[in-house]
Amino acid sequence: MFCWQCEQTKSGLGCDVAGVCGKKPDVAALQDLLLFMLKGLGQAAKRGRVKGLISREMDRFTVGAVFATLTNVDFDPARFQGLINQAAAYRNELKKSTGLEYSSPALNLEPAGTIEGLVEQGKQHGLKDTDNDLVLSMRETAVYGLKGLCAYADHAAVLGHEVDELYKFVHECLAATLDASLTLDDWLGLAIKVGEMNLKAMELLDAANTGTYGHPTPIEVPLGFKAGKAILVSGHDLKDLAMLLEQTAGKGINIYTHGEMLPCHGYPELKKHPHFYGHYGTAWQNQAKEFPAFPGSILFTTNCIQKPAAGTEGNIFTTGQVGWPGLTHIAARPDGSKDFGPVIEKALAMPGFAADEDKGSVLAGFGRQAVLSVAGKVIELVKAGKIRRFMLVGGCDGAKPGRNYYTDLVAQAPKDTIILTLACGKFRFFDQKLGDIDGIPRLLDIGQCNDAYSAIKIALALAEAFDCGVNDLPLSLILSWYEQKACAILLTLLYLGIKNIKLGPTLPAFIHPDILNVLVEKFALAPITTPEDDLKQILS
Ligand code: SF4
């Protein structure tokens, strides 16, 4: 196996024996084979479109299947077997309908009948299929960005928000990966195009979430417990949470969020449920430590899942694209609805919390509408010199120790700075009490990684208000990255021409040094150093 798609990759070079994330070589081979089949499907779909052959079902399948190959999403060989066979079935149907002859191996490979056979096929189709290291690096940068884009498009699609332009691009980009004639410049252009299309995907998801559940409003979220039965929801999907809240109404079960689900408390149509209580624990990388103590069932709606701690397997359920061998998976019905009965029954059979416990609270729910509603005051404070700088500190957080940089940076940020944050990177400092500047909280939680669109809209609105470009705003971006959704967001920021981004804790292994030089030259992208030195530079 060889995989280098996330920040925790082995020795900063690549996982070649087993994944640091827990991915075994057989699953790595199945993911490689699935991507290879999807590239063939991309070629067939591209040609099918020319003939007017468009299938929304197949489009949705494609983004969902690409999403399944993201870090910490699906570890279940049986689920990958189903996805590989389905990709081949869609591809073959398109081949029949178009009546064209195809010579590309990805268009002709028929999946083996067993998982073992598929694993052997997958071993022949790893990512290192070119000797050109620069092209490989740039192409995989685009592919990882595309994975993030597909995750956002999948979330939006479950809420009925889709645009053909995105699906068309996904198939074209997958097809392009099989085109050996593409040069480094072509791939640089395609990677930036991924960033552009990801902005559309995030906009679509923002419209899906706010259109369905309302605009987030600031809210104090309890970090403690309420006596009674309990269900913990992890991942990112709002619709799964909404369905679970409806199905648990009046059953005496309190619903808690974990990790990236925290911002869900800000959505009026979710918060209206009185049993949607609080946030339990911290972020995804602490699940092995935090889940065994949770006295109820746990539902994973999306990444990041890790190997369940011994004894908790029966309490944990997956849905959507998430999979772990042996865990019960709640599948969607054809109309998209889900029966969370098994999750609820498990929660009722478990002890729940014996007594109330107050552990304080955190403030969440600063989506773009909430922040921009006080834009006038914020501008006044900037002009009066009371706010010196905004710092967007966030991104996706990893499991490796030593990410205290972000905690320390926020703790050391001067009192005339505002910290905007989003994604699970915030759990490094989300409970710090930073106070306020004339009533504007110094720590504003914009939401999930999915809400990077909100952050972009805030930056664009401030630039308009100050009559300057985003790069001229008193704003610094200090981002942590872990998996492919962060790659997609970074490509979007580069597409928007945003410069001087500081990225850490380490730079992606798949970025070749020569390509990094281009990014440094063109976008002034820089690795983080120390909180002290970076703050000195940012505030100088
Ligand atoms: S997803 Fe990350 S940790 Fe897992 S195998 Fe790939 S590079 Fe390694």
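Read the numbers this way: they start at 1 and go in the same order the structure lists the ligands and their atoms. Because only heavy atoms are used, hydrogens play no part in the values below, and waters and symmetry mates are left out as well, while side chains stay in.
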*Please state which protein non-hydrogen atom is closest to atom 6 (Fe) of ligand 1 and give its distance, to 0.1 Å?*
Cys3 SG, 2.3 Å
*Is there an N/O/S atom in Cys21 at a distance below 2.8 Å from atom 4 (Fe) of ligand 1?*
yes
*asked:* Any carboxylate oxygen within less than 4.0 angstrom of a Lys/Arg side-chain nitrogen, looking at Glu196 and Lys193?
replied: yes
*Salt-bridge test for Lys200 and Glu203: reply yes if a basic N is under 4.0 Å from a carboxylate O, no otherwise.*
no
_Atoms in ligand 1 with a heavy atom of Cys6 nearer than 4.0 Å_ = 1 (S), 2 (Fe), 3 (S), 7 (S)
*Hey, which atoms in ligand 1 end up nearer than 4.0 Å to a heavy atom of Thr71?*
1 (S)
*Can you list the atoms of ligand 1 that are under 4.0 Å from a heavy atom of Trp4?*
7 (S)
*Looking at Phe67, does the NZ or CZ of Lys147 lie under 6.0 angstrom from its six-membered ring centre and within 45 degrees of the ring axis?*
no
*Counting each atom of ligand 1 from 1 as listed, which ones have a heavy atom of Thr9 under 4.0 Å away?*
7 (S)
*Do me a favour and list the nearest non-hydrogen protein atom to atom 8 (Fe) of ligand 1 with residue, atom name and distance?*
Cys15 SG, 2.3 Å
_Pair Arg91 + Glu110, salt bridge at N-O below 4.0 Å_ = yes
*Pull out every atom of ligand 1 sitting under 4.0 Å from any heavy atom of Gly19, numbered as shown with elements.*
5 (S)
*If you count the atoms of ligand 1 from 1 in the order shown, which ones are under 4.0 Å from a heavy atom of Gln8?*
3 (S)
*Carefully, step by step, assess Asp129 and Arg139 under the rule salt bridge (charged side-chain N to carboxylate O under 4.0 Å, His left out).*
CA-CA 11 Å; Asp129 58 357; Arg139 186 192 72 194; 2.8 Å; yes
*Taking the six-membered ring for Trp, are the ring centroids of Phe294 and Phe291 within less than 6.0 Å of each other?*
no
*Taking the side chain as every heavy atom from C-beta outward, state whether Leu493 and Leu479 have any atom pair closer than 4.5 Å.*
yes
